[in-house]
Each structure stands twice: as structure tokens, then as C-alpha cells.
*Asks:* 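Got a structure here, written out as C-alpha cells. Questions coming.
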There are 2 protein chains.
Amino acid sequence: MADVGQVLELAAIDGKTVLTPEQKAALVTSLKNKLEGLVAQHTDMLENLTPKVRKRVDVLRDIQTKHDELEAKLIEERAALETKYQKLYEPLYSKRYDIVTGVAEVDGITKGGDETLVDQKEKGVPDFWLNAMKNNEVLAEEIRKRDEEALKYLRNIKWCKTDNPQGFKIEFSFDTNPFFKNSVLIKTYHMIDGDEPILEKAIGTEIEWYPGKCLTQKVVEKKPKKGSKDTKPIIKTEDCESFFNFFSPPQVPDNDEEIDEDTAEQLQEQMEQDYDIGSTIRDKIIPHAVSWFTGEAQDEDYDSTILEDDLNSSDDDEDDEEDE
Amino acid sequence: MADVGQVLELAAIDGKTVLTPEQKAALVTSLKNKLEGLVAQHTDMLENLTPKVRKRVDVLRDIQTKHDELEAKLIEERAALETKYQKLYEPLYSKRYDIVTGVAEVDGITKGGDETLVDQKEKGVPDFWLNAMKNNEVLAEEIRKRDEEALKYLRNIKWCKTDNPQGFKIEFSFDTNPFFKNSVLIKTYHMIDGDEPILEKAIGTEIEWYPGKCLTQKVVEKKPKKGSKDTKPIIKTEDCESFFNFFSPPQVPDNDEEIDEDTAEQLQEQMEQDYDIGSTIRDKIIPHAVSWFTGEAQDEDYDSTILEDDLNSSDDDEDDEEDE
């Protein structure tokens, strides 16, 4: 899908939406000073040119303006093209939804008047989205054994662009299930749309877990400390790995100053990984869900993946163990 | 320029073009076995479905095929759109070239019959490309003080797509200069065009340095070892950092098996950095050279960059020292 060289940069960690009023004021002052400095520097640069060269640069700037006007049209036309095709895909996604969920039956299967339990069990295509996601390497790493039962209730995954703030959202709709109350879980990405799109922040639906059903926490029993009067084991809940952590994306903390470099680097990595999962679902799973379900979608990058395996064999062995 | 989420993956290190015949044979066998395994697995998956579900999946596969045909058209139309605009930019780039090199004079500057030395010195826009590149952070890190003298001779930078093998090339044309004989230095990127473009390898022109003028090596004097009969200092040449190393990109070694994980990771990083420089020149410098030259191009990502600075202050201090 991606054009050669259209590189997405996730370099910036933008905390401006979580700043205190004092920090905001300080930031505005700092920005103002720095911008003034930049304008001055830029003016200096032009003023240091000899009059003849300055005249030539002025003409060059007009040429640049003409280029940038054309480029803006290209960006507009490209967005219109994407929108046009998203609309053409829409009826195909609807048909897919109907068949997967059993809303519609395909030709050649007669629908009996009285449905047996077996018919109910093989309504539509069972575990369609779970299996599609499990066949993708990036997502397989996120899905724990415990998650699978809940992901069987997935009815559909859709995405769309958002304006104000710019970005996109991914919508997961679920059948009534014993794990959580929500019928829709949404993940939203806010992007800063510059020369390269930059991730500003990600937001997930808060999941309303039923008691004892939370998949992102586990109950652990700990022996009391030696010498303690109490001999009963201590029962604690601990955060644990789960696909559903996707809906609790990493947050940029309130106070920038308290972040040290290691924490910032870790945060950056977490945000990149979170974005990687989101864009895999948007760009790979949603458009090619059937090919992922059947396993056909894996073939494409196969050649280069093998060569990569040879180079990083021990890495991959670890992954294999995780998958089993 | 880049559309949201069009992520370029540089994950694969593909060594197939540098394999020995034995390795090729082994690779073909390995590929064949793995592909057979994959086909078997995929067939299994479909065969394990109940007849009704299997029928539904067959209809889903037809829907997927229709989607993929539409998607192929989108990719085609998008490429045509890019080509159309590249052609519209062409005359603007030509005008820019004429003014920068002094081939054409702008209105309002009268060309005297006898040119003085001063006129010669301020022909066109001196140091145009050097200053444009130095104002970009990624490239500023690559340009050493020693490189600047040579980069003043840059007349133009152009790029174009390539077919067979697919990819793109960047062409740097130079005035006659005291550093090297070549008038054009070319960097070519071969890409594997799959679902996501993957860098296969990069190739650079071999630079024909004049004696004693090589910028990618430096002469160092070393004291002879203690107790050595010879008391004269030993004169050695050592590789050193230089922008011109861009034309000697990292090579995937002949024998995959001898690469350990650390070396592979390092190679991957070097290839990513090399690609980053190439795509910065292609996507930023060439289309917006005038804005980079005047310093106006920096403003765009300014906001988020400041916030990033706050988070990684010590990192940036190091960079600042480097720049001075």
C-alpha cells in the first residue's frame, strides 16, 4: 500500500494537552523567544547576501511558492483519491460483515426453519477476526491465550479518518460477551499533520470489565513475609500482558521536567509500538482480513522474512516459544 | 508530504544478490520446503472448516479478490498522480538551476560586458546547496567542516524513480573541483516493492579523489612503539566521518551464516540511517531547496521539536556541540 519513501515519523512526544497553566505560560514565552530568534536569524541570513544575490534569491522564493502551491494540490488530489477508494471498498466490507456474522447466508446453503445447536455454533464464520489477527506477526505477539476467548466475540473492525483533531479511529464491535459490558471499543490516534505526520496522542475506550473477568490484570497469591503474624497468603492483583492493553495506550505525563532521558526513550518506544499495532490493524487486517484468515496474506513478504530469520535466528526462536 | 500511516519498513536485510552458488542452492531448497509447508498449512486450515463455513469462506475470498483489484487500481492511479506532479515541478526546478548556477540572470540585474572578479565570485547563488543541506538537522549531522569546501561545488541535486530494479536514484552534479574527478555522483536505492517497500540495497558512485584530497580518509601520525628501533613517527591513513561516505553505503556481506546478531543489528541500523539521509534529500531538500536555504523550511515542525528538546535535553546538548 505505502508509496516508496513515505516515511512516517513518530519522533515527537507532544505533551501540550496535559500541561498545567504555569507550564503553558512558560512554554508560550519560550516558544515566542525561540520563534523571534528564528525570524531574526532568517532575516540576518537574507540581509548578509549581496544585493545581486539577494535579488536572485527573491526570484527563487517566488519559484518555491509556485512549487508549494502545486504540491498542496497534489496532497489534496491524493487525499481525494484515497477517499474515493475507501467508498468503493465500503460495500465489499459490508458484504464481508454480513457473511462473517451470519446476518446473510451465501447461495447454496439452505436455511432450515428450526435451527439446531450445531447450526447456531457454526453461524457465519466463527473466530474470523481472532484468526485473522493471530496470523499476523505483530498482532500475534500481543494476543495472550486468555485474550482469545474474548476476541472470539469480535463482530467487526472498522476504521475512519477524523478531523478536529486530525487523525483516525479504529472501532472494534463485539457481541454480548461474559468479559465486558461495552459493545464497541474505540482506539483514536491524534496526529499533527505537518510535512510528516506526527503522533500526538492515542486514546482508548475504558473497558467496563465484569467482576473477576478483567484480562489486563491477574490475581496473584503471595506468601506472607517470614516472621509475619499473619500466615494467610496475601491476595493481590497485578497488571499483566493482554491485547486489551491496546485500549490503555501510553500517556505523556503531566510534568515534562520530571521525565529523565531513559523514561522518555521508553515512552517513545511504547508509543511507537502502540502506533505499529494500530496501523497494522488499519492498513493490513481491515483491508485484507479474509487473506489473513486463510493464511494467504503471509506469502507476500515471505522471501525477505526468511533471510531476516537467518540473520536473527535466536530472536525468532524466542517468538516461537511465545506463540506456542 | 507523507500520508498518515504510510509507513516505510526497512526491516529486511536481503542478501540474495551476494550469495555464492552453494548458498543459492541451499536457499532455494529451504524456500521450497518452507513454501510447501505454508501451502499445506493453508490447505489444512480450509479443510478443517465445516462444509457450510467453507462455502462462506469461498464467497469471502471472491469479495477479497474484488477488493484487491480495486486496490491495485488505487496504487496505479496514485503513482500516475505523483508522476503528473513531478512533471509539473520539472520546469520550476530548471529555472531554479539556471538562477542558482548563474546560467540565467534575473530581471533587474544588468550584465556588464567585462566581468570583474567580484562578479565572478557572486555568480548565481554561491553555496546554495551546501547551505540548504546544512539547515536540515539530519544532513547537518553528516556534513563535516572538511566536506564544506567540496560541497560548495555542488551545481544541482535531482532524483528520479527507476525500474528494473525498482527504486530511485539521486544525482549530485558538481562543478570542476580540486577534490575529485567525477562531475556526477549517483546514489541508487533498490527497493522490493511489496505491500510495504523494503530496501534491498544501496549503491554509490566510486569517487575518484585527487591525490591527497580524499575526504573520507585522514592521515594520522603515530608514535612508534616503545623499544622499537625506528624512531620516526608512523604515517597511516584512517577512515573518517564525512558526508561523502554516503556514496559508500553499508554492504550486506557475502556469507549470511557468519553474521552474528549484534553485527546484523548494527548493519540494519546503518542501512536505516543511510536510507534516512537519502529520503531526506529526495523528499525535503530537492522539493524545498530554496526554503531550506533561507531557513524558512525549519519552522514547520518547530512546536513539537521544542517539546522533544525538553524531554531529551542532554541529547540535544551533544548535538549542539557537534554543530559548532
Side-chain angles (χ1 to χ4, degrees), chain A residues 1-8 12-15 42 45 50 52-53 55-57 59-61 63-64 66-67 70 74 77-78 81 85 88-89 92 95-96 99 106 108-109 122 125 191-192 194-198 256 259 261 264 279 282-283 290-291 295 300-301 304 307-308 310-312 314, chain B residues 1-8 12-15 42 45 50 52-53 55-57 59-61 63-64 66-67 70 74 77-78 81 85 88-89 92 95-96 99 106 108-109 122 125 191-192 194-198 256 259 261 264 279 282-283 290-291 295 300-301 304 307-308 310-312 314:
Chain A
M1 275 290 288
D3 223 8
V4 168
Q6 296 192 304
V7 182
L8 181 108
I13 297 169
D14 187 337
H42 160 213
M45 194 272 148
T50 66
K52 282 188 185 178
V53 174
K55 232 170 220 166
R56 291 177 195 130
V57 170
V59 177
L60 285 176
R61 288 171 83 191
I63 295 174
Q64 185 69 58
K66 279 179 197 153
H67 170 278
L70 282 174
L74 164 61
E77 281 193 49
R78 197 165 48 198
L81 192 65
Y85 275 89
L88 291 172
Y89 298 153
L92 298 175
K95 270 189 202 165
R96 180 176 72 186
I99 294 169
V106 301
I109 300 179
E122 61 169 34
V125 181
M191 309 296 290
I192 299 166
D195 199 30
E196 289 161 349
I198 294 170
D256 278 357
I259 302 183
E261 227 184 299
S279 54
R282 185 193 61 177
D283 298 334
V290 179
S291 305
E300 213 158 80
D301 291 342
S304 55
L307 284 152
E308 208 187 5
D310 289 345
L311 291 173
N312 301 303
S314 68
Chain B
M1 275 289 289
D3 223 9
V4 169
Q6 297 193 304
V7 183
L8 182 109
I13 297 169
D14 187 336
H42 161 213
M45 194 272 150
T50 66
K52 281 188 184 178
V53 174
K55 232 171 219 165
R56 291 177 195 129
V57 170
V59 177
L60 286 176
R61 289 170 83 190
I63 296 174
Q64 185 68 59
K66 279 180 196 153
H67 170 279
L70 282 174
L74 164 61
E77 281 192 50
R78 197 165 48 197
L81 192 65
Y85 275 89
L88 292 172
Y89 298 154
L92 298 175
K95 271 189 201 164
R96 180 176 72 186
I99 295 169
V106 302
I109 300 179
E122 61 169 34
V125 181
M191 309 296 289
I192 299 166
D195 199 30
E196 289 160 348
I198 294 169
D256 278 357
I259 302 182
E261 228 184 299
S279 54
R282 184 194 61 178
D283 299 334
V290 178
S291 305
E300 211 158 81
D301 290 342
S304 55
L307 284 152
E308 207 187 7
D310 289 345
L311 290 174
N312 301 302
S314 66

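Naming: A, B, ... by sequence-line order, numbering from 1 per chain. Predicted model only: the values in this text are computed from it and were never measured.
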*Asks:* If I measure from the heavy atoms of chain B, does Gln64(A) come under 4.5 Å with its side chain, its backbone, both, or neither?
*Replies:* side chain
*Asks:* Looking at Ile99(A) and Arg56(B), what are the two nearest heavy atoms and their distance?
*Replies:* CG2-CB, 3.8 Å
*Asks:* Look up atom CD1 in Ile109(B) and atom NZ in Lys52(A), then write down how far apart they are to the nearest 0.5 Å.
*Replies:* 6.5 Å
*Asks:* Determine whether Val59(A) and Lys95(B) make a side-chain contact, defined as any pair of heavy atoms from C-beta on separated by less than 4.5 Å.
*Replies:* no
*Asks:* Is the shortest side-chain heavy-atom distance between Leu60(B) and Val125(A) below 4.5 Å?
*Replies:* yes
*Asks:* Counting only heavy atoms closer than 4.5 Å, note whether Val106(A) contacts chain B via side chain, backbone, both or neither.
*Replies:* side chain
*Asks:* Can you name the residues that form a side-chain contact (heavy atoms from CB on, under 4.5 Å) with Leu88(A), not counting sequence neighbours?
*Replies:* Tyr85(A), Leu70(B)
*Asks:* Of the non-hydrogen atoms in Glu77(B) and Leu81(A), which two are nearest, and what is the gap between them?
*Replies:* OE1-CD1, 3.0 Å
